[in-house]
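What follows is one structure encoded as structure tokens, with my remarks underneath.
All ligand and atom numbering here is 1-based and tracks the order in the structure. As the structure is a prediction and not an experimental result, all values here were calculated from the model.
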Amino acid sequence: MKIRDFRSIFIEKLKDKYSKGESIRLLKILAEFYLKRKTPEWDSFWGMPLCKENENKISDALIQLQNGKPYQQIIGETYFYGLKFWVNESILIPRPETEELLELSISRIQNTYALNTEIKILDIGTGSGVIPIILKKKFPKACISALDISKKAIILAKHNAKLHNITVDFRELDYLKEDLSENFHFIISNPPYIDPKEQKEISDIVKHHEPYLALFPPSADPLTFYKKIYRDAKKNLLKNGAIFLEINQKYGLQTKNIFVKDYTTKLLKDISGNDRFVIAEKK
Ligand code: GLN
């Protein structure tokens, strides 16, 4: 069978879940992954034969896509900030918004400290570990701690740190129950921020395949994590320090207001124009 013929089957079988354009994009990703090639010439690629072994591999992935599994979990990896990271079902697949959070944080840290300063950074709810790993690559002298309640997430984050030859102090703990005792120059977090009342608005692919713990805070208050971060930062954020947060677009002002009386606070939009980040800088 030519890859073009397989493409027609692929698009047809996924038509309830993905548009034609999305299906072609997914097939390109799977083809590059299973055929182990980067293919700049897609036009001639579609005319090539697909051997039985690769057809079986991609057909197996197709069944998983039909079941709603995100492609990143099927191939076990994703690209974030231009780098490869392992992913699995125990973490939230890193999102483009979090790349924006990192960009904002990196430029703010660079404006205050030289690259080789021994700054201390805390990441709360690290998941796959992408945030501390990229920060450590950027600021090699920084001392970075990263927390997560999930043992499986911490295991994966450590694998990712190893993949990039990076040392991060990963700790498995329940942040909401923890009394923070160390001081930090910067606190960064993309905590669970979806209001359980918003369940209906979340796609089935996300709801059924990514961890509930990473998406929804454990209490009815969607701002739980931000309030705890505010309380901790009051005693544990060092001079010139700042807090970088990814937030729920529906609670932009409320999240900003938690910090506004003690910090110079900015509410920023993501590339799609939604309120997505709060940056709070020590006055
Ligand atoms: N942005 C993620 C989503 O919409 C949620 C991230 C989070 O809860 N921290 O799926």
_Under 4.0 Å to a heavy atom of A214 - the qualifying atoms of ligand 1, by number_ =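 Selected atoms, number and element: 7 (C), 8 (O).
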*asked:* Can you name the atoms of ligand 1, numbered from 1 with element, that are less than 4.0 Å from a heavy atom of P191?
replied: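 Taking each heavy atom of P191 in turn, ligand 1 has 7 (C), 8 (O), 9 (N) under 4.0 Å.
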*Taking heavy atoms and a distance under 4.0 Å, where does L92 meet ligand 1: side chain, backbone, both or neither?*
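Looking at L92 and ligand 1, just side chain atoms fall under 4.0 Å.
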*Side chain, backbone, both or neither: which part of E97 comes within less than 4.0 Å of ligand 1 when only heavy atoms are counted?*
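Neither; nothing of E97 gets under 4.0 Å from ligand 1.
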*Over 12 non-hydrogen atoms of neighbours within 6.0 angstrom of NZ in K138*: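 Atom NZ in K138 is not crowded, with 12 or fewer foreign heavy atoms closer than 6.0 Å.
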_L101, I144, I109 screened by side chain to side chain contact (heavy atoms under 4.5 Å, CB included) with I188, the one that passes_ =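 Single pass found, and it is L101.
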*Reference residue K151; test side chain to side chain contact (heavy atoms under 4.5 Å, CB included); the match among D148, I155, I149*: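 It is I155, the one option of D148, I155, I149 that forms the side chain to side chain contact (heavy atoms under 4.5 Å, CB included) with K151.
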*Nearest to atom 1 (N) of ligand 1, what protein heavy atom do you find, and at what distance?*
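Among all protein heavy atoms, the one nearest atom 1 (N) of ligand 1 is Y193 OH, 3.0 Å.
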*asked:* For atom 3 (C) of ligand 1, what's the nearest protein heavy-atom neighbour? Residue, atom name and distance, please.
replied: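 For atom 3 (C) of ligand 1, the nearest protein heavy atom is R95 NH2, 3.7 Å.
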*So, is the end of the K120 side chain (NZ or CZ) under 6.0 Å from the ring centre of F184 and within 45° of the ring's axis?*
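Flagged: K120 positioned over aromatic ring of F184.
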*Y263 six-ring centre to K283 NZ/CZ under 6.0 Å and within 45° of normal*: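 The answer is no, since K283 fails at least one limit relative to Y263.
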*Is the closest N or O pair between I194 and ligand 1 shorter than 3.5 Å?*
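No; the residue has no nitrogen or oxygen that sits under 3.5 Å from a nitrogen or oxygen of the ligand.
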*Applying salt bridge (charged side-chain N to carboxylate O under 4.0 Å, His left out), run through K152 and E89 and close with a yes or a no.*
CA-CA 9 Å; K152 288 184 176 161; E89 59 295 331; over 6 Å; no
